[in-house]
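Working notes for the structure below.
Keep in mind the model is a prediction, meaning the values are calculated, not measured.
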Amino acid sequence: MAVILKTIVKVEKVILGCFILLATGIIAYDVIARRLGVAPSWGEEIVRYMMIWITFLGSALCFRRGAHFGIDVIRRVPGEKFQKFVSLFVILTGAVFSGFLLYYGWKYTSFAYFSNQKTPALGWPIFLVYMSVPVGAFLSEVHLLEVFLNDVLGIYKIQE
């Protein structure tokens, strides 16, 4: 299981890194081209879609690292039992929210797929953009399970 999870994390990081690098390059090109009067119509659109994917994939990785916002005062309260309770509450809340995102994201993605909607400038199928929601939610669920096994049960060690 650890090998599979490590591979998933590596793939997520590579995709995120590529999207961030590519988005930066496209924005730079778009700004320069706009000053020259030859800006492409697709520049802003593709960067917007990459930012959506970056958001949902990055959110999943943040669950794994515990990097989402937290209330520092509660995290500093001593006591192992209390901290496990807080971790369990955060994990369950995140899992329920991710479950809703997974379910409704899949419904919207399916609708977009079967209705054959296209993006305005690129003409790509819009379901490719919508797919970021269920994929990110599924990865969040996987990483929340990993955090649950590590923080609450103590039977698994998260490895970077």
Using every non-hydrogen atom in the two residues, find where [X] and [Y] come nearest and quote the distance to one decimal.
{"X": "Leu101", "Y": "Ala137", "answer": "CB-CB, 3.8 Å"}
{"X": "Val129", "Y": "Ile52", "answer": "CG1-CD1, 3.9 Å"}
{"X": "Tyr108", "Y": "Tyr130", "answer": "O-CD1, 3.7 Å"}
{"X": "Asp30", "Y": "Glu44", "answer": "OD2-CG, 3.6 Å"}
{"X": "Ala23", "Y": "Val47", "answer": "O-CG2, 3.9 Å"}
{"X": "Phe63", "Y": "His143", "answer": "CB-CB, 4.5 Å"}

Spacing of [X] atom [atom1] and [Y] atom [atom2] [to the nearest 0.5 Å]:
{"X": "Leu57", "Y": "Ile15", "atom1": "CG", "atom2": "CD1", "value": "6.0 Å"}
{"X": "Thr24", "Y": "Met50", "atom1": "OG1", "atom2": "CE", "value": "9.0 Å"}
{"X": "Leu153", "Y": "Leu145", "atom1": "CG", "atom2": "CG", "value": "9.0 Å"}
{"X": "Glu146", "Y": "Leu5", "atom1": "CD", "atom2": "CG", "value": "4.5 Å"}
{"X": "Gln117", "Y": "Leu128", "atom1": "CD", "atom2": "CG", "value": "12.0 Å"}
{"X": "Leu149", "Y": "Ile155", "atom1": "CG", "atom2": "CD1", "value": "4.5 Å"}

Examine distances only and state if a side-chain atom of [X] and a backbone atom of [Y] form a donor-acceptor pair shorter than 3.5 Å.
{"X": "Ser140", "Y": "Ser98", "result": "no"}
{"X": "Lys118", "Y": "Pro125", "result": "no"}
{"X": "Ser87", "Y": "Asp151", "result": "no"}

Evaluate the ring planes of Tyr29 and Trp42, with Trp represented by its six-membered ring, and classify them as parallel (under 30°), tilted (30 to 60°) or perpendicular (over 60°).
->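 Tyr29 and Trp42: parallel rings.
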
What orientation do Phe100 and Tyr104 show, parallel under 30°, tilted 30 to 60°, or perpendicular over 60°?
->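 Parallel: the ring planes of Phe100 and Tyr104 meet at under 30°.
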
Is the count of non-hydrogen atoms from other residues, nucleotides or ligands lying under 6.0 Å from Ile4 atom CD1 greater than 12?
->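 Open.
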
Atom CZ of Phe138: over 12 foreign heavy atoms under 6.0 Å |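 No, not enclosed.
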
Taking [Y] as the starting point, is it possible to reach [X] by hopping between hydrophobic residues whose side chains are less than 4.5 Å apart?
{"X": "Tyr103", "Y": "Phe111", "value": "no"}
{"X": "Phe127", "Y": "Phe114", "value": "yes"}
{"X": "Ile27", "Y": "Ile32", "value": "no"}
{"X": "Leu144", "Y": "Val96", "value": "no"}

Are any of the side-chain heavy atoms of Met131 and Trp53 separated by less than 4.5 Å?
->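 SC-SC contact between Met131 and Trp53 confirmed.
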
Any side-chain heavy atom of Leu61 sitting closer than 4.5 Å to one from Val9?
->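 Contact flag for Leu61/Val9 side chains = yes.
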
side-chain contact (heavy atoms from CB on, under 4.5 Å) evaluation trace for Tyr113 with Ile126 | CA-CA 7 Å; Tyr113 177 79; Ile126 196 75; over 6 Å; no

salt_bridge(Arg64, Glu12) N-O dist < 4.0 Å |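 Between Glu12 and Arg64 there is no salt bridge, as every charged N stays at least 4.0 Å from the carboxylate O atoms.
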
Show your working on side-chain contact (heavy atoms from CB on, under 4.5 Å) between Thr109 and Val133 and close with a plain yes or no.
-> CA-CA 8 Å; Thr109 301; Val133 177; 5.7 Å; no

